[in-house]
Amino acid sequence: MNLFQDLRALVITKLAAMADAGVIPAGLDTAAVSVEPPRDPLHGDMATNAAMVLAKPAGMAPRAIADVLAARLAADPRVAIAEVAGPGFLNIRLKPQVWQNLVGTVLTMGQDFGKSDLGVGKRVNVEYVSANPTGPLHVGHTRGAVFGDALASLLQYAGWDVTREYYINDGGAQVNVLARSAFNRYLEAHDLTVDWPEGTYPGDYLVEVGEALKAKYGDRWLDAPEEEWLDEVREFSANAMMDMIREDLAQLGVKMDMFYSEKSLYGTGRIEAAIEALREKGLIYKGTLEPPKGKLPEDWEPREQTLFRSTAHGDDVDRPIMKSDGAWTYFAPDIAYHYDKVSRGFDALIDVFGADHGGYVKRMKAAVSALSDGKVPLDIKLCQLVKLFKNGEPFKMSKRAGNFVTLRDVVEQVGPGVTRFHMLTRKNDAPLDFDFDKVLEQSKDNPVFYVQYAHARVHSVLRRARDAGVDVSEVALAKADLSKLSHDAELKVAHQIGEWPRLVEIAARTNEPHRIAFYLYELASDFHSLWNRGNDEPALRFVQEGDTDTTSAKIALARAVAVVISAGLGILGVEPVEEMR
RNA sequence: GGUCCCGUAGCUCAGUUGGAUAGAGCAGCUGCCUUCUAAGCAGUAGGUCGGGGGUUCGAAUCCUCCCGGGAUCGCCA
């Protein structure tokens, strides 16, 4: 259900009829024809660029096409006025019934109103968070988690079959560091004094793990050399960290479909297989890279390495996949992992990274392009940093001392809903300010509050209407006499509701869930505005004493607003509230 | 030095596969409200879209060259 699509289909039909009638040449490409809301609502409800887009290929003046098209569009029962304006725009105003009926459609369809078939029959893999299993999730991860999760939900809403996935970096050197740090805590659990040299994890979240190691293994490793305990301690502590991370994610309302272990790629021939696939395409060779331009790293010396010819797929330089000592670089398992994703048959892949990984975008895309012969698109979304504030003051955290603000700190202080919504009030690639006090503020300045408040107001008015004896179920309201919704302020809200399906598609196509949050703010704003006008104009109040028909129609509109807000918040992973407290 | 991201109103930011006179919220200014529809409302003002050049019916949007801010830069993940 998408009015803009419906009208575009109408325009295309009329164009075809015009071609049949010989008004315009046959066989014109109409792909660029769009139907959009005009910037200025005075121009109408919708505008199409058809005449301007087709003028050149048709060899006609835009107006010549537009005049005929306008006349033909005006014949449609939904269209009130179709007129040519400006350089050749065709403005369309729909009859009020179209907008009134839309309210009924929303109530009939419920949360499905706004769903799109954009991704129907296609599978997409969204990989996000993928934090190293070396400690609790912090605020930076939180943004990626919220973004990735909302994006996944958005794509689901747009019809995609979505897999949410977490890649566990449990194969590299950092889990050895974790193991040594946990071992330190194990020693401490035996009342031994230990050093915390640079490059270990001194955070106290490993204290428990040390205790658990003691409980499990007693004192058998107290004097043992590293080779004896490293593997077991690494596995034990990485598992403990993943349990903690899973719990952190659950606090935020994030549930993954799949946790994929990097370690599972080693010793199983899977890295080798992925590299072999590239080798067969002639993309693996031994060579020596040029030093980086500009400043030369001090310890740089030419070495022959095994390289992936990523430049053949859009990268700037070829990338090493094997170190000079014969071990894989981190890039090799990443290739194997993405090869696995491609092999699982996804139609599209999305990776959500922190902005500090921006340098890996090209090589990762090159790898997927090579492995899938350009058939599987990989979109990589980068999330910028989160700057923390407390009551307007920057909130410093010391990573070196092992105390940083964790996801759990944030969620416990402000709640998962507020956290999630606020994290989506900025575009992913813009830095985000997060103020512990401001996000809880109950004022118009706070989008979370503002949107929730609109939803709560609807439910407040539903309760009042119910008390006045009105049947406020969606089924009953859908049958209300919606022609009573004739005021401009009411129709404006209906217009905004009509934008919802279109917005979902745009957001899904661009992989930008923040657009949902911005839309909800606008819808809430229109609703509040209508509500406030009821102060001065009693005729605009939702509950009309002694007039059940009018009340039903107005309540239907309010309820439709709540349906859309609820659907939007659902995508963002935020629970709508029915009253403010 | 290479690459990527960002640069839009005083501030924080939106801006639809290129669409009409570039939007919102704060702050400012002018009125209104003192309410059980509490956690304000209505209006007004505010811009060389970092700068130059190009592409075209039409550019904040695409290309190119500069300027400014950030991230990153072979054997760290």
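Throughout, protein chains are lettered first and strands after them, A, B, ... in sequence-line order, and every chain is numbered starting at 1.
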Find the distance Gln5(A):CD to rU17(B):P and express it as a whole number of Å.
13 Å
Regarding the side chain of Lys362(A), the nearest nucleotide among rU3(B), rU72(B), rC76(B) is rU3(B)
Restricting to side chain to side chain donor-acceptor pair (under 3.5 Å), what partner residues turn up for Arg420(A), sequence neighbours left out?
Asp149(A)
Under a 3.5 Å limit for both distances, which nucleotide forms a Watson-Crick or G-U wobble pair with rU44(B), could you say?
rG28(B)
When the P atoms of rA22(B) and rC26(B) are considered, how many whole Å apart are they?
22 Å
Using heavy-atom distances to pick each residue's nearest nucleotide on RNA chain B, tell me which of Val361(A) and Glu304(A) is more 5'.
Val361(A)
Using side-chain contact (heavy atoms from CB on, under 4.5 Å) as the criterion, list what pairs up with Ala489(A), not counting sequence neighbours.
His487(A), Leu530(A), Arg533(A)
When all nucleic acid strands are considered with a 4.0 Å heavy-atom cut-off, which category describes Gln442(A): base, sugar-phosphate, or nothing?
base
Should Asp536(A) and Arg541(A) count as an ion pair when the cut-off is N to O under 4.0 Å?
no
In whole Å, measure the gap between the C1' atoms of rU30(B) and rA14(B) for me.
27 Å
Check if the side chain of Tyr453(A) and the base of rA39(B) share a donor-acceptor pair of N or O atoms closer than 3.5 Å.
yes
Which nucleotide wins on minimum distance to the side chain of Phe89(A), given the candidates rG74(B), rG40(B), rG19(B)?
rG19(B)
Nearest-Å distance, CE (Met46(A)) to P (rA20(B))?
17 Å
Note: Arg270(A)-Asp340(A) ion pair, threshold 4.0 Å (strictly below):
yes
Which residues pass the side chain to side chain donor-acceptor pair (under 3.5 Å) test with Lys438(A), sequence neighbours left out?
none
For atom P, what is the distance between rU8(B) and rA60(B), given to the nearest Å?
15 Å
Tabulate atom names and distances for all N/O pairs under 3.5 angstrom spanning the protein and nucleotides 55-58 of chain B.
unit_1, atom_1, unit_2, atom_2, d
rC57(B), OP1, Lys56(A), NZ, 2.7

Measure the distance from CE on Met322(A) to P on rC76(B) and round it to the nearest whole Å.
14 Å
Pair assignment for rU56(B), Watson-Crick or G-U wobble, requiring both distances under 3.5 Å:
none
Identify each atom pair where a protein N or O and an N or O of nucleotides 41-47 of chain B are less than 3.5 Å apart, giving names and distance.
unit_1, atom_1, unit_2, atom_2, d
rA42(B), OP1, Ser529(A), OG, 3.3

Can you tell which of rA20(B), rA39(B), rA77(B) lies closest to the side chain of Asn91(A)?
rA20(B)
Name the nucleic acid region contacted by Ala31(A), choosing base, sugar-phosphate or nothing; use a 4.0 angstrom heavy-atom cut-off, strictly under.
base
Flag the pair Glu490(A) and Lys554(A) as a salt bridge only when some basic side-chain nitrogen lies within less than 4.0 angstrom of an acidic carboxylate oxygen.
yes
Any carboxylate oxygen within less than 4.0 angstrom of a Lys/Arg side-chain nitrogen, looking at Lys362(A) and Asp316(A)?
yes
Could you measure between the two C1' atoms, the one in rG7(B) and the one in rG47(B), and give it in whole Å?
14 Å
Atom-to-atom span, CG of Asp356(A) to P of rG70(B) - whole angstrom:
16 Å
Kindly state whether the ring of Tyr360(A) and the ring of Phe353(A) have centres lying under 6.0 angstrom apart.
no
If you check every side-chain atom of Ser324(A), which of rU3(B), rC75(B), rU72(B) has the closest atom?
rC75(B)
Integer-rounded Å distance: rU72(B) P and Arg363(A) CZ
13 Å
N/O to N/O distances under 3.5 Å, protein versus nucleotides 9-15 of chain B:
unit_1, atom_1, unit_2, atom_2, d
rU12(B), O2', Arg426(A), NH2, 2.5
rA14(B), OP1, Lys427(A), N, 3.1
rG15(B), OP1, His514(A), NE2, 3.0
rG15(B), OP2, Lys427(A), NZ, 3.1

rG1(B) pairs with, by Watson-Crick or G-U criteria that keep both distances under 3.5 Å
rC73(B)
Whichever of Ser460(A) and Tyr330(A) has its nearest RNA chain B nucleotide further upstream toward 5'
Ser460(A)
Given Glu127(A), which partner from the list Tyr166(A), Tyr260(A), Tyr337(A) fulfils the side chain to side chain contact (heavy atoms under 4.5 Å, CB included) test?
Tyr337(A)
Which nucleotide sits closest to the side chain of His43(A): rA77(B), rA20(B), rG74(B)?
rA20(B)
Expressed in whole Å, how much space separates the P atoms belonging to rU72(B) and rU55(B)?
39 Å
Of the listed rA24(B), rC76(B), rA20(B), the closest approach to the Lys323(A) side chain comes from rC76(B)
Considering only side-chain heavy atoms of Phe449(A), which listed nucleotide, rA39(B), rA20(B), rC75(B), is closest?
rA39(B)
List for me each residue that meets side chain to side chain donor-acceptor pair (under 3.5 Å) alongside Asn511(A), sequence neighbours excluded, and say none if there are none.
Asp379(A)
Is rC13(B) paired to anything, Watson-Crick or G-U wobble with both distances less than 3.5 Å, and if yes, which nucleotide?
rG23(B)
Quickly work out the Asp316(A) CG to rG74(B) P distance and round it to whole Å.
13 Å
The ring-ring contact (aromatic ring centres under 6.0 Å, His included) partners of His459(A) (sequence neighbours excluded) come to His455(A)
Tell me, please, which residues at least two apart from Phe449(A) pass ring-ring contact (aromatic ring centres under 6.0 Å, His included).
Tyr453(A)
Interatomic distance, Arg541(A) CZ vs rC36(B) P [rounded to whole Å]:
9 Å
If I take atom CZ in residue Phe331(A) and atom C1' in nucleotide rA77(B), what distance separates them, rounded to the nearest angstrom?
13 Å
Quick one: ring-ring contact (aromatic ring centres under 6.0 Å, His included) partners of Tyr519(A), sequence neighbours excluded?
Trp500(A)
With respect to the side chain of Asn49(A), which nucleotide from rG19(B), rA39(B), rG74(B) is positioned closest?
rG19(B)
Using the P atom as the reference point in each nucleotide, state the distance between rG68(B) and rA27(B) in Å, no decimals.
35 Å
rU44(B) and rC57(B): how far apart are their P atoms, nearest whole angstrom?
37 Å
For Tyr330(A), what residues pass the side chain to side chain donor-acceptor pair (under 3.5 Å) criterion, not counting sequence neighbours?
Arg363(A)
Contact list for residues 428-448 of chain A, test ring-ring contact (aromatic ring centres under 6.0 Å, His included), sequence neighbours left out:
Phe395(A)-Phe436(A), His422(A)-Phe434(A), Phe434(A)-Phe436(A)
Considering only the P atoms, how many Å lie between rA20(B) and rA59(B), rounded to the nearest integer?
10 Å
